[in-house]
Protein chains: 2
Amino acid sequence: MNNLTRRQSQVLEYLEQCQERTGLAPSTREIQEHFGFASQTAALNHLRALERKGVIRRQAGKARAVAIASQLRREQIVDVPVYGSIAAGMGEAALEQEEEGMVSIDAVTVGLSRGARLFALRVRGDSMEGAHLTEGDLVILEQRPGRSGDIVAALIDGETTLKRLVVDRAGAWLKAENPRYPQLHPMEGLSVQGVMVAMVRRCGVAA
Amino acid sequence: MNNLTRRQSQVLEYLEQCQERTGLAPSTREIQEHFGFASQTAALNHLRALERKGVIRRQAGKARAVAIASQLRREQIVDVPVYGSIAAGMGEAALEQEEEGMVSIDAVTVGLSRGARLFALRVRGDSMEGAHLTEGDLVILEQRPGRSGDIVAALIDGETTLKRLVVDRAGAWLKAENPRYPQLHPMEGLSVQGVMVAMVRRCGVAA
DNA sequence: ATTATTCATGTTCGATTGAACAGTAGCTTG
DNA sequence: CAAGCTACTGTTCAATCGAACATGAATAAT
């Protein structure tokens, strides 16, 4: 795969750098200037060599028409906003506000359709330990109605928590995946804010 | 944020579409043709409007110099190759071959430095349940020597497994985070293939 | 020794392209 | 009703830019 000459690697690296910084591919003359070539043809030849080796793709005649193959092959990436840990009284409006950061991940590995409204919450406490969720885990949820057995972020009697949703003859209620926590049967109402579709854990110094 | 007119949204959508398909921003004349404008100025004005509203960034005079702001703000994204589940006798060479797919995730949320050599493995079995890892979880590992307490993929007596690394007076050994599994004390040697730095779980129909 | 490849210079050509200028029309706001 | 914004048309200009051609030199492969 890496049968590139030193110069070609340098040019490729410069291309990646440009696209990360400016979102834009450089023109042949910009490449020329960056490497101190006396001729623009030198840059053009390197681009042609990289294209021949399949590392980049170009479109004849068009300006700055350089795309890095590895980034095109990549699956679509979704940006998921992270709202703090689960807070009481979190409504639709509140979701828009308390943005804490972003997670970007490719759509395929988390198995979600583009267009789905997503958000993420950080797990607090150990009430879902039985479902292998622990303090600090980042749960990605989709805003849609939940089915029995789903892990959901739900608003129950004015407070929002992450629990497993159970629907049976007794109606809908929430079950903590930890024997030390009680089942939650709604007094007034239960509204599902989102259904867990994926999870990301970051291991710091110690897991 | 979304104080865009209908046309402006359409143009923005077209820009995103172009960059996803070709990795390239369209020229004003391509925008003109796509929307059936009779004048190229119409496209240019829409770009100017989008820039004024902060949705895109442009560079005066340069061809196709359109970058979508939300994608520039995004953190660097790393591509991690996924090798199947943990197989026996997996060496450096084997790593290069049995590629199964790719995970793309932003570098910040998994907390890893760019340049680190990364790979991912799918967890098989329940020997690490105590560390909240379960069947099907995708563990992201960095190729570097492990420290005591790290969860590592290690080659021990010719077989590779995912376990917690413990280094004490008795030397280095592996500990399963599940009381039903034995501790692994190496007979011949123990070589750490990678240290767990993050984990991604995908929830299918049922979690 | 010959050939191919890489890396480079110097120049020219024509197409692509952003930008500017001069208008027209509809629609909303004060 | 004037002012301002959106949404265009039609035209011109000059800078940008890819591409081609001629040429040369160093290195690796055959």
Side-chain angles (χ1 to χ4, degrees), chain A residues 1-19 21-69 71-72, chain B residues 1-19 21-69 71-72:
Chain A
M1 180 64 79
N2 242 350
N3 41 6
L4 299 180
T5 64
R6 180 176 304 158
R7 262 289 193 240
Q8 286 165 8
S9 302
Q10 285 172 2
V11 173
L12 180 63
E13 195 183 339
Y14 177 62
L15 291 179
E16 285 172 344
Q17 215 177 81
C18 279
Q19 287 201 325
R21 269 210 324 269
T22 63
L24 206 76
S27 68
T28 52
R29 271 158 248 252
E30 282 168 358
I31 298 173
Q32 171 196 355
E33 197 178 350
H34 179 262
F35 287 98
F37 296 152
S39 169
Q40 162 245 84
T41 309
L44 186 61
N45 282 334
H46 282 123
L47 288 185
R48 271 201 266 259
L50 286 173
E51 188 182 23
R52 186 163 38 80
K53 295 188 179 179
V55 189
I56 62 173
R57 257 179 245 175
R58 303 200 316 143
Q59 289 166 68
K62 289 184 181 173
R64 299 168 186 275
V66 181
I68 297 168
Q71 290 184 347
L72 278 179
Chain B
M1 181 62 82
N2 241 347
N3 41 5
L4 298 180
T5 65
R6 180 177 301 156
R7 259 293 192 242
Q8 285 166 9
S9 302
Q10 286 173 3
V11 173
L12 180 62
E13 195 183 340
Y14 177 63
L15 291 179
E16 286 171 344
Q17 216 177 80
C18 279
Q19 287 200 324
R21 269 211 324 269
T22 63
L24 207 76
S27 68
T28 52
R29 270 160 251 250
E30 282 168 356
I31 298 174
Q32 171 196 356
E33 197 178 349
H34 178 262
F35 287 99
F37 296 152
S39 169
Q40 162 248 84
T41 311
L44 186 61
N45 281 333
H46 282 124
L47 289 183
R48 271 201 265 257
L50 286 173
E51 187 182 25
R52 185 163 38 80
K53 294 188 179 179
V55 190
I56 62 173
R57 257 179 246 175
R58 303 176 58 225
Q59 289 167 69
K62 289 185 181 174
R64 298 169 185 274
V66 181
I68 297 169
Q71 291 183 347
L72 277 179

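Below, chain A is the first sequence line, B the second, and so on; all start at residue 1. Just the heavy atoms: all of them, side chains too, but no hydrogens, waters or symmetry mates, feed the values below.
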The correct set of residues in residues 57-64 of chain B placing a heavy atom under 4.0 Å from DNA chain C is B/Arg58, B/Ala60, B/Gly61, B/Lys62, B/Ala63, B/Arg64
task: Please work out which of the three classes, parallel, tilted or perpendicular, describes the rings of B/Phe35 and B/Tyr14, given edges at 30° and 60°.
output: perpendicular
Compare side-chain N and O positions of B/Arg6 against OP1 and OP2 of C/dC27 and report whether any pair is under 4.0 Å apart. no
Whether the A/Gln10 and A/Arg7 side chains hold a donor-acceptor pair (N or O, under 3.5 Å, no angle test) is what I'd like checked.
yes
Contact span of DNA chain D against chain B, any nucleotide atom under 4.0 Å from a heavy atom, 5' to 3', runs D/dT6 to D/dC17
Quick note, salt bridge (Lys or Arg N to Asp or Glu O under 4.0 Å) partners involving residues 31-41 of chain A, not counting sequence neighbours, are none
Give the table of side-chain donor-acceptor pairs shorter than 3.5 Å for residues 57-67 of chain A, with sequence neighbours excluded, one pair per line with atom names and distance.
| unit_1 | atom_1 | unit_2 | atom_2 | d |
| --- | --- | --- | --- | --- |
| A/Gln59 | OE1 | A/Lys62 | NZ | 3.3 |
| A/Lys62 | NZ | B/Glu30 | OE2 | 3.3 |
| A/Arg64 | NE | B/Ala63 | O | 3.0 |
| A/Arg64 | NH1 | A/Ala25 | O | 3.0 |
| A/Arg64 | NH1 | A/Glu30 | OE1 | 3.1 |
| A/Arg64 | NH2 | A/Glu30 | OE2 | 3.0 |

A/Gln32 atom CD is separated from C/dT11 atom P, nearest whole Å, by 12 Å
Under a 4.0 Å heavy-atom cutoff, the residues of residues 33-48 of chain B touching DNA chain C are B/Gln40, B/Thr41, B/Leu44, B/Arg48
Report task. Apply side-chain contact (heavy atoms from CB on, under 4.5 Å) to B/Leu4 and B/Leu50, showing your working. Result -> CA-CA 8 Å; B/Leu4 298 180; B/Leu50 286 173; 3.9 Å; yes
To the nearest 10 degrees, the angle between the two end axes of the helix from C/dA1-D/dT30 to C/dG30-D/dC1 (five pairs per end) comes to 40°
The residue, A/Arg7 or B/Ala65, whose nearest nucleotide of DNA chain C is more 5′ is A/Arg7
Nearest heavy-atom contact between A/Leu47 and A/Ile56 is O-CD1, 3.6 Å
From CZ of B/Arg29 across to C1' of C/dA15 the rounded distance in Å is 10 Å
Shortest non-hydrogen pair, A/Ala43 vs A/Thr28, comes out as CB-O, 3.4 Å
- Item | Ring centre gap for B/Phe37 and B/His46 strictly below 6.0 Å | yes
Rounded to whole Å, CD of A/Gln8 lies from C1' of C/dA8 at a distance of 13 Å
(request) Please check the phosphate of C/dT6 (OP1 and OP2 only) for any side-chain N or O of A/Thr5 closer than 4.0 Å. (result) no
